[in-house]
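Proteins get letters first, then strands, A, B, ... in listed order; numbering begins at 1 in each. These numbers come from the heavy atoms of this one structure, side chains and all, not from hydrogens, waters or symmetry mates.
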Amino acid sequence: VSKGKTPRTAPAAVPADGNGDGILRRHAEQEFAEELAELAKVDDKPKPPNWKLSPWAARTYLLGGKLDNGFEVTPKYVGNARLIEIAVATLATDRALLLYGLPGTAKSWVSEHLAAAIAGDSALLIQGTAGTDETALRYGWNYARLLAEGPSLNALVPSPMMRAMRTGKLARVEELTRIGSDVQDTLITILSEKTLPIPELDTEVQAQRGFNVIATANNRDKGVNELSSALLRRFNTVVLPVPETLDDEVQIVDRRVNQLGRALQLPAEKPALEEIRRVVTVFRELRDGVTVDGKTKLKSPSGTLSTAEAISVVNNGMAVAGYYGDGVLRAADLAAGITGTIVKDPVQDRVVWLEYLQTVVKDRDGWKDLYRACREVV
Amino acid sequence: MGVHIFGIRHHGPGCARSLQAALAALRPDVLLIEGPPDAQEVLPLLRHETLKPPVALLVYPPEAPHRAAFYPFAVFSPEWQALRFAGEHDIPARFMDLPQWHRLAMKEDDGEKEPSSPVDQSAPPTANGVPVAEPSEEAGEPALQDDPLGMLAVAAGYRDHELWWEHQIEQRQDPTGLFQGIMEAMTELRARARPLREDEALREAYMRQTIRAAEQEGFERIAVVCGAWHAPVLADLSTAGEDAALLKGLPKTKVAATWVPWTYSRLSYRSGYGAGVTSPGWYDHLWTSPDRAAVRWATHAARLLRAEDLDASAASVIETVRLAEALAALRELPMPGLAELHEAVRTVLCGGDATPMRLIRDRLEIGDRLGEVPAETPAVPLQKDLEAQQKRLRLKPTTEIQNLDLDLRKENERARSRLLYRLRLLNIPWGEPQRVSGKAAGTFHELWRLQWQVEFAVSIIEAAVWGNTVESAAAAAVCGQADTANELPALTELLDGAILADLPPAVGHVLDRLQTQAAVAADVRHLMEALPPLARVARYGDVRGTRTDQVLPVLNGLFERIIVGLPGACGSLDDEAAARMVAGIGHVQESLNLLDDAGRRGEWQQVLGQLLDGDGIHGLVRGWSCRLLLEQRVIDGDELHRRARLSLSPAVPALQAGAWIEGLLRGSGLVLLHEDALWAALDRWLADLSAETFVELVPLLRRAFAGFQAPERRAMAEKVKTLGDGLRTRKPAAGGESTVIINRERADLVLPVLAHVLDAGRGI
């Protein structure tokens, strides 16, 4: 079978029960199996042990590009290429990688694709929550077996981490800072000694070459468990930034709003790009602490003001316009949503928002309606 | 042929190293270097051991020192190394560029505008004619000639020429064939370049002439060190006739040259110096520790972070170097460069955080090295400019103390004041402004106390870094300080200084900074303190004619932020903070009184009203707001009465009540005397008190009045007495005068003067 012409519905790793059409979301290595295969074909650079692709090919997989044989690899991450280079180089030096950033900056996305490209398997995933305990990072027990047969390797339930160590693959830990500090510290031995002791059986699992950890964490959330410096020291930290330009962000918001609007069957018309641009501008300016023209400095509120929140504000505005207004998105429909998103702390954020309204929105051409609408809400 | 041409990049450590090796191999008997022949006479100072790079050659016309040209040298500059080589081997070194005595004269003829902003002084277009980074003088697309290396770099797939040059030339370990390679590349580029600008052609003609002269003198191994761009055309010496014709009849002017200390930050692009390098610190590092540059660099970075109390373990340094090397491998580079190290330091040592990287950027990548020049160096132009001004304004520097009374309405005296203030900004406190006492002194009066100190001579050399005239140096110094100052009070102080010293561009710059910092200033008190000086300028302009339209936007910005932030800032204050806050509120009120703007006044009164009612706001602040509103007739006697009862009722803690009344009665007792409504309200409140409550409150009242002077207290008591009469009897207080206690002894002292004023003849 010529791989180059294989349709996307017939990749190598299809679940056994059928053609996979019913699956809502497929893993990166399934979705992009063809690209990975093409890359592997032309990849003649040296590979670190147990890597499916060389660092160069992994970079091309994430950033996109044209292969020597004319095959086009789609870009998975649009943004600063150097960040991806740092991430790949980090994994190549055997250091764990921590992807840090605001919510909605494609941390998990990058982590999944890195795992798919390097280990060919992005499913060794540990989701960090406040309830994640040590068994999720180390191993658990099959109690029926434990009682029936006594402690043995057969009664052991390995975690994704342990499986990654055994097979020399990449383990992914999502939302690392949500895991309790005591559980987080389990990672220290794994990362520095590359071994997982099993004292009950007086044995251990030693990591195969190629094993590594990619963790993601959110740097804006409050009340999370800060990483201890001992753990942080074992990670190389790459901070993923928010979209670089206003236009990029407006595009992202526009595309997502349209998709969501259709899915929710909102009665409002597709919002004018102008209105979206205003919301994105407000969010960007407050987030960056400076106006887009770079002339006025601003205070930033406590909230994240991510692209995802801009999407939800516009969506909410469309719903208001559709159900209670004339179906056209106007400043008044947005005011409550914007204010609610920005003013998370009733004292400090309110000051920030008022200052912004007074010093920036008030005097901006064509923004009078937004100013009036927002002042009414505050 | 005995001419050997070495095309280099100015400030390239790799070039410098290759040049060193090449010169050692060649053993030339004369060195010709691209530089100003005007400076030939100060070259011997190179052998002086206290001349330490970075230093700059300064060439300037003595009568117009602001039109100077700088030629900076760092220890890693190839020219510097060439000069050092000449010194060590005792062979003549000569500068061969077109002399500034021609170039400055030509510009004079062209009527070229002098740089308008003193801040730009450091970036004269003539500085060190570097082909790689010469600022494009024509607008539009950067052409081949402006950035020939850029074109080569793009062709090689690099983003910028810096990187390309660093990878290809500076990091090259083996210098063999380097200069040959540069020559070939440049020959190719020159063949395709558009025709030279006239001044470029002149410069190259002059260089060729210098080489010919050296040949005729009989030197056999002539080493020529020049910018790579010029290298190809200097090889061909067949155009003697044309060159001579070209150079004939050039205008000439008188110039002087000297060495000045330079800094790495001025070498970098950041300070707008055209021929600079982005990271002098990195180049210095490459020069001083070429082997294991990455390891040493990462270690330096870690030590720097540690000095600032940031974690940076030795293990992290190892990981930093490993990551930098992996990145270099991924990018297919022979060794990690600055970009890779920068990213690795950020990723490993700084935990991805960009903030500590600013420290690394400033202290390591740019570096804070300051050069030194020997004491024998000819005077800097700043010194000459100062001397000229001293002569013109008839201010003689002496070490004796002199007192000077200046009337700013006179042009000459204003100029004197200006000079003294400018010198103060340059850290040369020759004059000390004295407080003008007495009401006769208006804003046009200034008292100075002058004393010249010998160490000012050193201060002048240090200040010369900022500029060549007192005016431009002071302006640049203010701008430089404003850029690093982050506190509003420091900025307002600078603004005051700049206004007094009459430095309009600096005033504009400081105002910009002030606006920027006001936006992020968290402390409303700082905002309030910044307001009065601005308001004064906005209201009265200034005797010196500062333009008020620059000030108003900043003032408005500050005011808006105060309005928004003040109520929040007044919560939960302790006594000390409350006292400071009250002083700040006073500043705002004072400024508003000056500005007399109904709109702002309304907003302000609204805020004061909020403070009045606010829970958890310190009594002092509430009392003071009450008083201010009363003075502005926003609240009347009845309202005050109600508030007094409310604030002083038994349920209120005694300390808060005391503070309230202290706030209400704050400030000058004399002003207070005229607030009849206040006294009436207090009187009514007191009269309403039951006997027990009154006894409880007496200490509070005593305390509130304790701050006033004895005569003020007496006058107040008088007031209360007559006030009481008036209220009780509803009659005009007639008996008031008769009860005035006259201190006869003191009164007698006044009488002669009164008599003199009224009529001298009458006697007593």
**Student:** Quick check on B/Arg306: does its CZ atom have over 12 non-hydrogen neighbours (other residues, nucleotides or ligands) under 6.0 Å away?
**Tutor:**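 Enclosed.
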
**Student:** Should the heavy atoms of other residues, nucleotides or ligands under 6.0 Å from CZ of B/Arg292 be counted, would the total exceed 12?
**Tutor:**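 Incorrect, the count does not exceed 12.
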
**Student:** Which pair of non-hydrogen atoms, one from B/Glu343 and one from A/Ile86, has the smallest distance, and what is that distance?
**Tutor:**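 Looking at all heavy atoms of both residues, the closest pair is CB-CD1, 3.6 Å.
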
**Student:** Does any backbone or side-chain atom of A/Leu298 lie under 4.5 Å from a heavy atom of chain B? Answer side chain, backbone, both or neither.
**Tutor:**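 For A/Leu298, the contact with chain B is made by the backbone alone.
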
**Student:** CZ of B/Arg331 to CZ of A/Arg59: how many Å apart, nearest 0.5 Å?
**Tutor:**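 If we round to the nearest 0.5 Å, B/Arg331:CZ and A/Arg59:CZ are 8.0 Å apart.
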
**Student:** Quick check on A/Thr93 against chain B: is it the side chain, the backbone, both or neither that has a heavy atom closer than 4.5 Å?
**Tutor:**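 It is both, since atoms from each part get that close.
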
**Student:** Can you list the residues of residues 354-363 of chain A that sit under 4.5 Å from chain B, counting heavy atoms only?
**Tutor:**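 If one takes a 4.5 Å heavy-atom cut-off, the residues of residues 354-363 of chain A near chain B are A/Leu354, A/Glu355, A/Gln358, A/Thr359, A/Lys362.
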
**Student:** So which heavy atom on B/Leu330 is nearest to which on A/Pro55, and how close?
**Tutor:**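 What the structure gives for the nearest pair is CD1-CB, 3.5 Å.
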
**Student:** Pull out the residues in residues 307-326 of chain B that come under 4.5 Å of chain A, heavy atom to heavy atom, sorted by number.
**Tutor:**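 Those residues of residues 307-326 of chain B which have a heavy atom under 4.5 Å from chain A are B/Asp311, B/Ser313, B/Ala315, B/Ser316, B/Glu319, B/Arg322, B/Leu323, B/Ala326.
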
**Student:** Do B/Val348 and A/Arg95 touch side chain to side chain, with heavy atoms closer than 4.5 Å?
**Tutor:**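 Yes, their side chains come closer than 4.5 Å.
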
**Student:** If you count heavy-atom pairs under 4.5 Å with chain B, which of A/Val239, A/Val347, A/Thr90, A/Thr237 comes out on top?
**Tutor:**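 Top option by heavy-atom pairs under 4.5 Å: A/Thr237.
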
**Student:** Can you tell me which portion of A/Val351 sits under 4.5 Å from chain B's heavy atoms? Options are side chain, backbone, both or neither.
**Tutor:**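 Both parts, backbone and side chain.
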
**Student:** Once rounded to the nearest 0.5 Å, what's the spacing between atom OG1 of B/Thr347 and atom CG of A/Asn236?
**Tutor:**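 It is 6.5 Å, given to the nearest 0.5 Å.
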
**Student:** Does the side chain to side chain contact (heavy atoms under 4.5 Å, CB included) test come out yes or no for B/Glu340 and A/Arg82, once each step is laid out?
**Tutor:** CA-CA 10 Å; B/Glu340 286 73 37; A/Arg82 303 184 85 82; 4.1 Å; yes

